[in-house]
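This one's a predicted model, so the numbers in the text were calculated from it and none came from an experiment. Reminder, nothing fancy here: chain letters follow the sequence lines and each chain counts from 1.
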There are 2 protein chains.
Amino acid sequence: MSFTPRPSLVQIAEQVGVSPATVSRAFNRPELLNDATRERILATAKRLGFRPNKVGSSLRSGSTKTLGLLLPTLANPVFAACFEGAEARALEAGYSVMLATTGYDSQRERTAARSLLDHRVEGLILTVSDPSTSATLDELTASDVPFVLAYNESDSHPFVSVDNHAAAGDMVEYLMACGHRRLAMISGPLDASDRALRRLEGVRDRATRLDLPAPIHVSMPQHTAADRGRLKSLMASPKPPTALFCSNDLLATAVIAELSSLGLRVPRDLSVCGFDGMAFGALMVPSLASVHQPSFEIGSQACQELLSALGGEGSRSMRLPHRLFGGDTVASLSHQAVQPSHCHS
Amino acid sequence: MSFTPRPSLVQIAEQVGVSPATVSRAFNRPELLNDATRERILATAKRLGFRPNKVGSSLRSGSTKTLGLLLPTLANPVFAACFEGAEARALEAGYSVMLATTGYDSQRERTAARSLLDHRVEGLILTVSDPSTSATLDELTASDVPFVLAYNESDSHPFVSVDNHAAAGDMVEYLMACGHRRLAMISGPLDASDRALRRLEGVRDRATRLDLPAPIHVSMPQHTAADRGRLKSLMASPKPPTALFCSNDLLATAVIAELSSLGLRVPRDLSVCGFDGMAFGALMVPSLASVHQPSFEIGSQACQELLSALGGEGSRSMRLPHRLFGGDTVASLSHQAVQPSHCHS
DNA sequence: TGCATGAATGAAAACGTTTGCAGTTTGAGT
DNA sequence: ACTCAAACTGCAAACGTTTTCATTCATGCA
């Protein structure tokens, strides 16, 4: 039982009695070879379990066939879907993908980006907190590695996202169509997400345009968890909002759960909606009203743009269409209790 | 505006006036160098934006510092959490991770595994459909790349999982404690998930032990979606089950949604529970009863075992503790309508 | 003075590929 | 028989590191 390290090109070459170059061609430019030679090579390669070593190949050819993906967290199914979109497109193009998560932490963001660059990924898809202040992005620009932002919007860098401003506005319009006028926007920390900020502005602008009272904004300490106290005091105000617009679906879900523990039912006592359109929301009972962004496509398009940048064509920014999902967590105001019944003081 | 390709070791060496070897040591064995030399090297390296090329380094040293992760889908938050656990542990050890998803497709599984091997990942963490019949696993065994299964249980390969059989049994016991006796197990296609099979067996065995009537088993065409027809006919049987045990949380959620569209409320009309304990379930209203498996830890432990295998210590299989989460989708039978009211024919 | 010692560096050979160039063979056309 | 192209294959030099083995030089010590 001898230990055999994985064979290399030259071992195969020796076995078959040809030069390493020929073995290489058997895999990369098979059409150049004599049929018989090619078969002989492929046969012994298979027999010895040989597969060309990409490390060697990358070094020589200068191409690793690897893309980097840098996302805040996979706990949010939105990013998970984005990954799958990017992976699918990458796969088609013969690329592998190296994934790293940042946990919304700009320090980890930097080091992870560096690590990916060290591995010589040929391009990067990433979501940052705020593209206009991101040190990571500066570093990336300095290196000559092409990258495409996903979800972020930016004037100075290529990105793929939805039109957050307009999308949030559309949700406001929908809420108004349902009879709601007193709105609140609930978000995580704004400095950690330019998306949340744009959505908030979208909400405010549209409310103004529609002559709605200025929406209240409540900021939660975390992106994805609802703070009981802030929620309680929001609902305890003299004229509480009749609809809560949460800046993402995970937050919306947490808010609904927290409200429920406060004795407030959705949508009976008030309406709640989110942003993201995660697949999951449609399965909730009641189903979660949300602004759907095509995450899989955001991933695959970002990858597409990256690939064309690699092809030397330069990549264009694009806003993919969003879609309003009018789930059951938003009800017509006429069906809601005018004043939540359970929430005192 | 001149185009400068990223500099290499030797460019730095020339700049500084030392040999490439010395530059290399400045990064890997700094203590060997004269302080002045080291500083000089590091300074110009920083000035020129040099970072050691891992491709070259991997080739020479034979170590890519990269691990492979092969999972069915990230759409299931369980696997996403597993990834994050593995990534965290890998990061600590200075490894990067290359992720690929298989979509539960054994063909993609094979090609993805091969691709990872071609990239010379040093080890693999993966979840397969059925470890006892997996061709991918055979290939992996043939190559001398260490791997650890996640979620799968196996006699012949190292794995990290929960004790699916016992865990499912515990849920049965809990359901019985709530007064349920007529149970149904709902799963996806069994041949695509050994976990589902083990859970089913766990359910049956425990039911037998507890003198419950044999649970009905209904298999859905997909892992994650509920087939309306099968659900309807299940509930239309003369003595329908009072509790449905779904083989995963995503499926449970889909089932609840489908039941709702059939006019059946959970838990008022019947109880439903899942398996996985995804974070999300606890936020649902009503919260999803489930068997919680520590996915993050499964990932990180699998990675830990892999690392120790790489360290030559050989890796041990382990079953991590599960935890019963008695969510609100399971109610005491006494609180349920004995016969679902809305389901005729 | 001579010599061992240790510290700091360099020379050069790998690692596994790819690829431009050149060489050989073959067969066809004249 | 001679030329020429086409088809096939080989040579050898890269790619960017790491690492073994020497080499140099200063230092301490007898």
| task | Report yes if some heavy atom in the side chain of A:Leu71 is under 4.5 Å from a heavy atom in the side chain of A:Leu126; otherwise report no. | result |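 Not touching, per the 4.5 Å side-chain cut-off.
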| query | Got A:Glu109 and A:Tyr104 here, is their nearest side-chain heavy-atom distance under 4.5 Å? | reply |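 Counting from C-beta outward, A:Glu109 and A:Tyr104 never come under 4.5 Å.
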| message | Please classify the nucleic acid contact of A:Ser58 as base, sugar-phosphate, or nothing, using heavy-atom distances under 4.0 Å. | response | nothing
Tell me yes or no: between the side chains of [X] and [Y], is some donor less than 3.5 Å from an acceptor?
| X | Y | answer |
| --- | --- | --- |
| A:Asp130 | A:Ser134 | no |
| B:Ser308 | B:Ser315 | no |
| A:Thr66 | A:Glu122 | no |

How long is the line joining [atom1] of [X] and [atom2] of [N], in whole Å?
| X | N | atom1 | atom2 | answer |
| --- | --- | --- | --- | --- |
| B:Leu32 | C:dG6 | CG | P | 15 Å |
| B:Asp35 | C:dA7 | CG | P | 13 Å |
| A:Arg38 | D:dT9 | CZ | P | 10 Å |
| A:Asn34 | C:dT24 | CG | C1' | 14 Å |
| B:Arg29 | C:dA8 | CZ | P | 13 Å |
| A:Leu33 | C:dT18 | CG | C1' | 14 Å |

| task | Could you walk me through whether A:Val97 and B:Met98 pass side-chain contact (heavy atoms from CB on, under 4.5 Å), step by step? | result | CA-CA 6 Å; A:Val97 15; B:Met98 207 159 229; over 6 Å; no
| request: Please work out the stems of DNA chain D from pairs that are Watson-Crick or G-U wobble with both distances under 3.5 Å, keeping only runs of three or more consecutive pairs. | output: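 So far as stems of 3 or more pairs are concerned, DNA chain D shows C:1-30 with D:1-30.
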| query | Could you walk me through whether A:Phe159 and A:Tyr151 pass the ring-ring contact (aromatic ring centres under 6.0 Å, His included) check? | reply | CA-CA 7 Å; A:Phe159 68 86; A:Tyr151 296 100; over 10 Å; no
| query | When you check the phosphate oxygens OP1 and OP2 of D:dG10, does a side-chain N or O of A:Thr22 lie under 4.0 Å from one of them? | reply | yes
| field | B:Arg89: which of B:Gln301, B:Gln304, B:Glu305 passes side chain to side chain contact (heavy atoms under 4.5 Å, CB included) | value | B:Gln304
| What string of B, S and - do you get for nucleotides 12-18 of chain D, 5' to 3', when a contact is any protein heavy atom under 4.0 Å? | -BBBBBB
| task | Start with the C-alpha gap between A:Arg51 and B:Asp118, add the side-chain angles, then the distance that decides, and say whether salt bridge (Lys or Arg N to Asp or Glu O under 4.0 Å) holds. | result | CA-CA 7 Å; A:Arg51 308 227 69 212; B:Asp118 289 353; 2.8 Å; yes
